[in-house]
Amino acid sequence: RQVTYSKRRNGLMKKAKEITVLCDARVSLVIFSSSGKMHEYCSPSTDLIGILDRYHKQSGKRLWDAKHENLSNEIDRIKKENDSMQIKLRHLKGEDITSLHYKELMAIEEALENGLAGVRDKQMEIYNMKRKNLIVQDEMLEEENEHLKYMLQEMTLNGNVRDMENGYHQRERDFQPQMPFAFRVQPNQPNLQERL
């Protein structure tokens, strides 16, 4: 069966090509094997979708179900809506307004004023929020400053500050860096040597 299918398929494809060339006909051929593999031929002057559309118009038969037609209608509706919104957007930008009437211009002006009021309200909201955050941060820094002042006073009263300073200076005296070489300064002036 597979060998017969291959021979007949090749024969049909050859005939479709011959009809296209010899008769200047528009031909489209689609074959599905029993395994589900698809083979197709379409004459060079057309495409499969064009042939199916032509068949649909001339035969009056519906090739697509209602679901596909509804999708097509929905796509057309969305395209029209998109075009309308593009025109409105251009009008809001101040483009292509020469053909508009007075009432349409008033509606656009009102929409722009409402939009501007909304933007200003949002700006004030953000400004107030940032201002509150700064006030809270200032209060926290003040509290921390007061706490550090209190700790410093407590340490001063207990003498810890002086002990800490004495300990630091003691450690400074105990620390003597190791020098690999010893240097002695020899003054060039004879009167300076007497002082040494």
Side-chain angles (χ1 to χ4, degrees), residues 1-140:
R1 290 176 66 185
Q2 187 62 36
V3 173
T4 304
Y5 167 76
S6 295
K7 286 181 181 178
R8 296 289 176 117
R9 183 197 69 218
N10 291 339
L12 284 172
M13 292 281 194
K14 184 178 176 187
K15 291 291 182 191
K17 289 175 186 175
E18 287 174 359
I19 291 173
T20 300
V21 173
L22 296 174
C23 304
D24 194 27
R26 292 183 180 164
V27 179
S28 183
L29 176 66
V30 179
I31 304 172
F32 289 97
S33 69
S34 58
S35 62
K37 191 171 181 182
M38 183 185 81
H39 298 276
E40 66 176 327
Y41 169 76
C42 198
S43 47
S45 59
T46 187
D47 59 349
L48 182 60
I49 294 171
I51 286 184
L52 289 174
D53 284 342
R54 191 167 177 184
Y55 172 80
H56 176 72
K57 287 175 185 173
Q58 290 188 352
S59 68
K61 293 182 180 177
R62 292 181 174 267
L63 296 175
W64 319 115
D65 59 1
K67 179 178 158 185
H68 289 102
E69 284 189 26
N70 289 339
L71 285 175
S72 178
N73 292 337
E74 184 67 15
I75 288 171
D76 290 340
R77 186 188 67 76
I78 290 172
K79 281 181 181 177
K80 287 177 185 173
E81 188 177 331
N82 186 32
D83 291 342
S84 173
M85 292 178 82
Q86 289 289 337
I87 290 169
K88 286 181 182 177
L89 182 61
R90 281 200 306 272
H91 289 164
L92 287 173
K93 288 180 178 178
E95 300 169 1
D96 301 333
I97 57 173
T98 54
S99 62
L100 297 178
H101 299 292
Y102 178 75
K103 288 183 179 179
E104 293 170 322
L105 291 171
M106 292 299 292
I108 291 173
E109 183 182 14
E110 186 178 341
L112 288 172
E113 286 176 356
N114 290 338
L116 185 59
V119 168
R120 286 184 177 151
D121 290 344
K122 188 63 179 176
Q123 282 179 331
M124 284 304 293
E125 182 183 326
I126 292 170
Y127 171 76
N128 289 333
M129 188 172 65
K130 286 186 176 181
R131 192 168 161 222
K132 284 179 186 176
N133 287 343
L134 287 174
I135 290 171
V136 168
Q137 286 177 352
D138 286 347
E139 290 174 355
M140 288 173 59

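Because the structure is a prediction, the values reported are computed rather than measured. Just so you know, these numbers use all the heavy atoms, side chains as well, and skip hydrogens, waters and symmetry mates.
The distance from atom CD1 of I51 to atom OG of S43, rounded to the nearest 0.5 Å, is 5.0 Å. One finds the NZ atom of K130 at 9.0 Å from the CG atom of L134 (value rounded to the nearest 0.5 Å). To the nearest 0.5 Å, atom CG of residue L29 and atom NE2 of residue H39 are 10.5 Å apart. With rounding to the nearest 0.5 Å, the separation of NZ in K17 from CD1 in I19 is 13.0 Å. Here the CD-CG distance, from E109 to L105, works out to 8.5 Å after rounding to the nearest 0.5 Å. For the atom pair Y5 OH and S34 OG, the distance stands at 8.0 Å (nearest 0.5 Å).
When the shell of 6.0 Å around CD1 of I49 is examined, it contains 12 or fewer heavy atoms from other residues, nucleotides or ligands. More than 12 heavy atoms of other residues, nucleotides or ligands lie within 6.0 Å of CZ in R9, so this atom counts as buried by the packing criterion. At most 12 heavy atoms of other shown residues, nucleotides or ligands fall within 6.0 angstrom of atom CZ in R1. The local environment of CG in N133 is crowded, with over 12 non-hydrogen atoms from other residues, nucleotides or ligands closer than 6.0 Å.
Smallest separation of non-hydrogen atoms from T46 and C42: O-SG, 3.6 Å.
Listed for the N82 side chain is no donor-acceptor partner under 3.5 Å among the backbone atoms of I78. At distances below 3.5 Å, not a single donor-acceptor pair connects side-chain atoms of S84 with backbone N or O atoms of K80.
In this structure, K132 and M129 have side chains that are not in contact, with every pair of non-hydrogen atoms separated by 4.5 Å or more. Side-chain contact between S45 and T20: absent, with no pair of heavy atoms (C-beta onward) separated by less than 4.5 Å.
Each side-chain hydrogen bond (donor to acceptor under 3.5 Å, both in side chains) pair with one or both residues in residues 88-101, not counting sequence neighbours, appears once here: R90-D96.
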